[in-house]
Amino acid sequence: MADGEQPRNPGSRGVSDAREPQGATGDVTDAQESDAARRRRRAQFLRELHEAKQLRDRVQPRRARAARMRQQMRMRTFRW
């Protein structure tokens, strides 16, 4: 937005209100579907994050080795 320009609808963000009345079974199925979708998105994110870390380790072997050494030192000095 340019300076001095006001948003068209300050209260509306283009998202429907999640508190609309629905049946009791509709709430449960929507919650389960959204939970399943959230878990799928999280799993996808973690897969991509792991892949990116592996790529970084291959591209920067010295940094990866130093990180492994720091982790080993932390584990040695950790008290159970």
Side-chain angles (χ1 to χ4, degrees):
M1 262 191 285
D3 291 333
E5 185 177 331
Q6 296 293 326
R8 290 186 198 119
N9 295 327
S12 174
R13 295 183 182 201
V15 178
S16 65
D17 191 10
R19 293 169 292 195
E20 292 178 6
Q22 293 180 348
T25 58
D27 290 340
V28 172
T29 57
D30 288 345
Q32 288 174 346
E33 289 174 8
S34 64
D35 190 43
R38 184 188 65 80
R39 278 190 259 114
R40 276 193 303 272
R41 287 192 313 269
R42 182 176 186 273
Q44 178 68 26
F45 170 77
L46 291 175
R47 278 193 299 269
E48 290 175 359
L49 180 64
H50 185 67
E51 182 181 341
K53 285 182 178 180
Q54 286 181 334
L55 176 62
R56 185 183 63 201
D57 289 349
R58 280 196 311 268
V59 172
Q60 299 175 337
R62 184 181 298 172
R63 184 173 291 179
R65 181 175 184 270
R68 279 195 311 273
M69 294 298 190
R70 282 192 301 272
Q71 176 66 18
Q72 288 173 357
M73 185 61 71
R74 277 194 300 270
M75 294 307 288
R76 274 188 230 128
T77 58
F78 184 77
R79 292 186 180 260
W80 296 96

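In this chain, residues are counted from 1 in sequence order.
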Crowded around Arg42 CZ? As in, over 12 foreign heavy atoms under 6.0 Å?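 Open.
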
Is the shortest side-chain N to carboxylate O distance from Asp57 to Lys53 below 4.0 Å?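 No, no charged N to carboxylate O under 4.0 Å.
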
Nearest 0.5 Å, what's the CD-CG distance between Gln60 and Leu55?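 Taking CD in Gln60 and CG in Leu55, the distance rounds to 9.0 Å.
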
Side chains of Gln44 and Arg47: do they bring a donor and an acceptor to under 3.5 Å?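 Judged by distance alone, the side chains do pair up.
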
Could you point out which residue of Arg70, Arg74, Arg76 forms a side chain to side chain contact (heavy atoms under 4.5 Å, CB included) with Gln72?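 The single option meeting the side chain to side chain contact (heavy atoms under 4.5 Å, CB included) with Gln72 is Arg76.
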
Could you check whether any side-chain heavy atom of Arg62 comes within less than 4.5 Å of a side-chain heavy atom of Arg65, counting everything from C-beta outward?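 No; the side chains remain at least 4.5 Å from each other.
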
